[in-house]
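This report concerns only the one structure given below.
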Amino acid sequence: MEVGPGKTRRAAAGGRGERGGEGWPQGTGPDGMGRAGQPGAYTCHLCFLRRPGLPASRIWWRMLRQVLRRGLQSSCHGLGLCVSRHPVFFLTVPAVLTITFGLSALNRFQPEGDLERLVAPTHSLAKIERSLASSLFPLDQSKSQLYSDLHTPGRYGRVILLSPPGDNILLQAEGILQTHRAVLEMKVNHKGYNYTFSHLCVLRNQDKKCVLDDIVSVLEDLRQAAVSNKTTARVQVRYPNTKLKDGRNSFIGHQLGGVVEVPNSKDQRVKTARAIQITYYLQTYGSATQDLIGEMWENEFCKLMRKLQEEHQDLQLYSLASFSLWRDFHKTSILARSKVLVSLVLILTTATLSSSMKDCLRSKPFLGLLGVLTVCISIVTAAGIFFITDGKYNSTLLGIPFFAMGHGTKGVFELLSGWRRTKENLPFKDRVADAYSDVMVSYTMTSSLYFITFGLGASPFTNIEAVKVFSQNMCISILLNYFYIFSFFGSCLVFAGQLEQNRYHSIFCCKIPSAEYLDRKPVWFQTVMSDGHQQTSHHETNPYQHHFIQHFLREHYNEWITNIYVKPFVVILYLIYASFSFMGCLQISDGANIINLLASDSPSVSYAMVQQKYFSNYSPVIGFYVYEPLEYWNGSVQEDLRRLCSGFTAVSWVEQYYQFLKVSNISANNKSDFISVLQSSFLKKPEFQHFRNDIIFSKAGDENNIIASRLYLVARTSRDKQKEVIEVLEKLRPLSLSRSIRFIVFNPSFVFTDHYSLSVTVPVLIAGFGVLLVLILTFFLVIHPLGNFWLILSVTSIELGVLGLMTLWNVDMDCISILCLIYTLNFAIDHCAPLLYTFVLATEHTRTQCIKNSLQEHGTAILQNITSFLIGLVPLLFVPSNLTFTLFKCLLLTGGCTLLHCFVILPVFLTFFPPSKKHHKKKKRAKRKEREEIECIEIQENPDHVTTV
């Protein structure tokens, strides 16, 4: 190697620098920027091409990586310069947008009124089955049979009467019937007309009387027996099927609850019962006037039940109306208003305190405060855009402020940390540009991932409208959040930097006096007005190291977490964490129960709890619709029907008719005899007349045909009924395709439970796949591929941890928890990515030193953001709502697991897993040897220089 005198210095600098890592000079990165983003003293863009043995593919990949990164950093640097030169413009435009859209949001606010459209799966097969069943048999005529817990369509009033423990509610028939008569006599006034239940009720086809539950007839018989001094034992009430006074055999399993049967009773006679449930169904013609009168009647019904509860101390009354679900769903927003404001105050306080220092010049409390306010006004603007586009508010959107705050404040704290890493001797405009260059690249990437994941959540693949609406709003919030951070908050950073450069106090905005002047003042004045020069030694070049979080991490935590004696305990901790997470993932259950979204102290939840406790044995009733002609007289068809109904309590005209033929000793083995006896004899008897609504006849010439019919099936379920109902639905549907009998099954609750587990898991799977795809596509475009590899492992560990632990914490997979899981993906990337990429790019001698430097550089911003995020969640714990409980639990686990990985798990695991840092030490030794050889060559060619020495 021959080096001339004029080329000696250049050749010595052309190799790999002390911290270049990829052939860059000491103190600079692969983009020629300093460690804080400042331009380095020297940049060698192609010196890695001179390394012998380097494959051409690696050269081009490195060139592509560097060009992309340099291009992004240059763009962000230019953006920072633009903001620093025009701060008033970038401060004014966001403020005007917020005022404009904020006022629009107030004027156009409208709550969502259709709860089924919001939380039921959009592409539910049960909705098609409901349309088909309604076209065959009007559902209004089936309401008393097609009972379900909370999901009955149309308007209705429902009440559960519960007797004290040990009492028999059947002995209180008179009191219950008084309540019943009060409901029938209740009046609502509309435009001068008084409407009672008889004007609004659903009418039976055969006698045009109101459809009432059969338990009322049972109570009438009991009351008459009591009046005539007969014992109630003479009126035998059986369960779940009982015989009424008119001879009908009626199913009352969903109307009588808490039943104790007579021991050794073959006919299932009732000994005592605790609860009775009565439902009052109203007509639904679809007219606005009819709907308004029905709503007025429901309001009066609920008021009447509260009044009767005060009068009847011996009975507990639990009432429910069709609007109760909607009202209690939106009640969460009302209950959470004050708590959200408290949460905002807590986040503002935490951000202000964590941004403060004892140094009155470099302390930035107002920047922390303004950063949180920046996120708030961006959320207000996003809400205005949502309502202008005819969006309707629902309580699930309550999570958006917390989601947006967790991401927005991360950008605020990172930008503030990037400012503190810049050189103080630079002009404040250059410092702002350098901070943008250092921070906005990663913030742009994480914001893009947020937009991608929630954009996929808003795609047509999402089958739940609440998730889709939330994701659409979140996408708008993320875009506005990003715009407001670099514009509004960037302008605030410019003004704060100008004050710092001119040596103004960070709080009082007055000139900081000289050190000589301070020495003559009291201690308290010196403390308030000190700019930190007294505490800074001449060896320290960065006065921001005196920030209390930075000092704690550098002087105490970094040494402790990387201690060799701590590492085994961290490994054990992670094994425990992984075990509980895995155990929880095996116990995941879907949350199709709508009470998970209601206020916890609401009447709907109280009603549902009582209903599940006392009426879960025989509920819900499933409609079994045979929608094509069938040979009911055929023995094989009869056997198929028996097999399909086996395991259920059947309310069936077919079984009753077969029993009638057997008792009457009538043979009906052919079509003509079967239909003739059915029409002329069976359906004419009073006890069987109600079955006319269950059969559809058609006449072709002189021949009658049965073209469709329906039965009712009741499965015995436990108190965990929701899961069992889904299992029943999944078992019955395939049978309709494999059997010769073509049928559909329907219950109003199927609309909410049909494929619900698939509907709620698809969005998070798509979001996770989107994140994985993005990270894989950028695997070879980032500065170091191992950064993406570690990021994928970390995000997977955090996501599975949150999923498993929330299951162990009794959180079901509903729309809220699914949205939180999508957010967890992004939150984990937001905090782990800067730490991991700084580690893999570090060129210190050991992994331990690399992770220390990474924590020192990004740990402050991560700790500030997660602490503010978790403290802001605390008020949600005091909102009495199942929705906010779910939100609190999931977000708490998200923040906790991310904090655990960033500060405990990753700092330990990265010290004994790749990437290795030994090659950097070898390269430095080779570089030192090369420099010695160059110096020897220079001495040999310059003997005069030797003589001089």
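Values below: all heavy atoms of this structure, side chains included; hydrogens, waters and symmetry mates excluded. All values derive from a computational prediction rather than experimental measurement.
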What's the spacing between [X] [atom1] and [Y] [atom2] if we round to 0.5 Å?
| X | Y | atom1 | atom2 | answer |
| --- | --- | --- | --- | --- |
| Ser84 | Asp430 | OG | CG | 7.5 Å |
| Gln864 | His547 | CD | NE2 | 5.0 Å |
| Leu553 | Ile862 | CG | CD1 | 9.5 Å |

Q: For this output row, return yes or no: ring centroids of Phe483 and Phe486 closer than 6.0 angstrom.
A: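 Close enough - the centres of the two rings lie under 6.0 Å apart.
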
**Q.** Check: Phe827 ring centroid to His831 ring centroid under 6.0 Å
**A.**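 Yes; His831 has its ring centre under 6.0 Å from that of Phe827.
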
Side-chain contact test, heavy atoms from C-beta onward, threshold under 4.5 Å: evaluate it for [X] versus [Y] and give yes or no.
| X | Y | value |
| --- | --- | --- |
| Pro365 | Ile507 | yes |
| Lys852 | Arg554 | no |
| Leu416 | Ser355 | yes |
| Arg362 | Arg420 | no |

Backbone N or O of [Y] within a donor-acceptor pair of the [X] side chain at under 3.5 Å?
| X | Y | answer |
| --- | --- | --- |
| Ser354 | Ala351 | yes |
| Asp438 | Gly418 | no |
| Arg421 | Glu857 | yes |

Q) Does a donor on one side chain sit under 3.5 Å from an acceptor on the other, for Asn481 and His407? A)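 Looking only at side-chain atoms, His407 and Asn481 do not form any donor-acceptor pair under 3.5 Å.
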
**Q.** Thr409-Asn865 side chain donor-acceptor pair, cut-off 3.5 Å
**A.**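 Side-chain D/A pair, Thr409 to Asn865: present.
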
Q. So, is the end of the Lys511 side chain (NZ or CZ) under 6.0 Å from the ring centre of Tyr504 and within 45° of the ring's axis?
A.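 So Lys511 does make the cation-pi contact.
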
Q. In terms of the angle between their ring planes, are Tyr443 and Tyr482 parallel, tilted or perpendicular, with boundaries placed at 30° and 60°?
A.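 Ring orientation, 0 to 90° scale: parallel.
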
**Q.** Aromatic ring pairing Phe403/Tyr823, orientation class (parallel under 30°, perpendicular over 60°, tilted between)
**A.**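 If you compare the ring of Phe403 with that of Tyr823, the planes turn out parallel.
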
